[in-house]
Amino acid sequence: MSGPDPARIPDEFGQIAELFRPLTGGEPGALDLLDDAAVLPVQAGSDIVVTQDAIVEGVHFPEGESAEDAAARFFRVNLSDLAAKGAEPFAWLQSIAWSKAWPLERRRSFARALAVEAREFGLVLLGGDTVSTPGPFMASGTFFGRCPPGGIIRRSGARPGDVLFVSGPVGDGWLGLKAVMGEIEDPSGALRQGFRRPQPRLDLRETLRDCASAAADVSDGLIADAGHLATASGCGVCLDLEQMPLSGPAQAWLGAQPDRLTALTGLASGGDDYQIVLAAPAGKRQRLEAAGCTRIGEFVEGPSEIRLAGVAYAPGPGGWRHE
Ligand code: ADP
Ligand code: MG
């Protein structure tokens, strides 16, 4: 008689025990993932900041990406939201829908990669749900962070006269996806690496708390996310595309494009950058620049505007046109 087939997928409880229990890091509130619910380890004197993001294979990352890259993406897109709010992450809950195309070894790789992420960013797993799906793989997470009472940085605090900053290069997420899809060259691999391992800007927490009147992470694209700040704050924003910081690969790509305005608009619209776009009073400029942030515009009383080296453009049919 042969022994048990090592590739046979254990039932739901076997999977939870093997794949996910190690991720609790011994946190007592996780109740060893054996109970109906968990206890959130709250600390007196802090607010709990909560965010939720799902990733679907073939929608939020291309089919066939590695389980490790899927795990990193799942973790980091959620942490980016907490980073933008000035919160320090500490725990998460997750619902995982396994597709038939994910055999046990791939599930193990996903769980091991989650363990690496959890250690790197200091989070414990509190619980979740495990289902199978006839559709694509999906992971949905609820991520918890802490901040001082009332200290969350909202989208709605920008005021006319505030300066618009971005925390780092714009457009690399968009170019990174093109590189992963094989649509553009990426000789150094930096664009693909950036797409697969976005760096949530948790390092900016103190700076944001000290300086920002409003903030959001750049997930939808710089133009859209700066616009979210303006809309939530009840004012307009003027964004100068020529002032956007670009990485070396993005500059090289831009230099090869026939139409600079269209290309810059693409970089500013593509999304998945996971930098932080923020509003701050002009007096905070030095502090923000010392932290690597770049001034790219300002908040105004009137309607929002996109500029190229000071000249205003407006969205028209088929793209942005000179006003
Ligand atoms: P219930 O049926 O009572 O909702 P489940 O059987 O779904 O509970 O889950 C049992 C335990 O395993 C719970 O503690 C739950 O939080 C945990 N759990 C289930 N799936 C996951 C997962 N994907 N990641 C982490 N914990 C999980
Ligand atoms: Mg139950």
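One-based numbering, in listed order, for ligands and for the atoms of each. Keep in mind it's a predicted model, so treat the numbers as computed, not measured.
Looking at D129 against ligand 1, both its backbone and its side chain come within 4.0 Å, counting heavy atoms. Only the side chain of L125 comes within 4.0 Å of ligand 1, judged by heavy-atom distances.
For F74 and F61, the distance between ring centers is not under 6.0 angstrom. Aromatic ring centres of F75 and F143: separated by under 6.0 Å.
A donor-acceptor distance shorter than 3.5 angstrom exists from the side chain of Q257 to the backbone of W253, with no hydrogens or angles considered.
Shown in contact with T130 at under 4.0 Å from a heavy atom are these atoms of ligand 1, numbered in order with element: 19 (C), 20 (N), 21 (C), 22 (C), 23 (N). Near I16, with a cut-off below 4.0 Å to any heavy atom, the atoms of ligand 1 are 12 (O), 18 (N), 19 (C), 20 (N).
Between D172 and K178, no side-chain nitrogen of the basic residue sits less than 4.0 Å from a carboxylate oxygen of the acidic one, so the salt-bridge criterion is not met. A salt bridge does not link R295 with E289: none of the charged nitrogens is closer than 4.0 Å to a carboxylate oxygen. Salt bridge annotation for R21-D32: absent, with no cationic side-chain nitrogen under 4.0 angstrom from a carboxylate oxygen.
Comparing heavy-atom distances from atom 10 (C) of ligand 1 across L34, I96, D35 singles out D35 as nearest. When the heavy-atom distances from atom 11 (C) of ligand 1 to L114, L23, L33 are ranked, the shortest goes to L33. Distances from atom 26 (N) of ligand 1 to the heavy atoms of A38, A37, G128, A30 show the closest one on G128.
Polar contact with ligand 1: absent for F13 (N/O pair, distance under 3.5 Å).
Within the structure, the closest approach of E12 to ligand 1 falls below 4.0 Å when heavy atoms are considered.
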Next item on the list: Please lay out, stage by stage, how E65 and R197 fare under the test salt bridge (Lys or Arg N to Asp or Glu O under 4.0 Å).
Entry: CA-CA 12 Å; E65 286 283 277; R197 296 290 147 110; over 6 Å; no
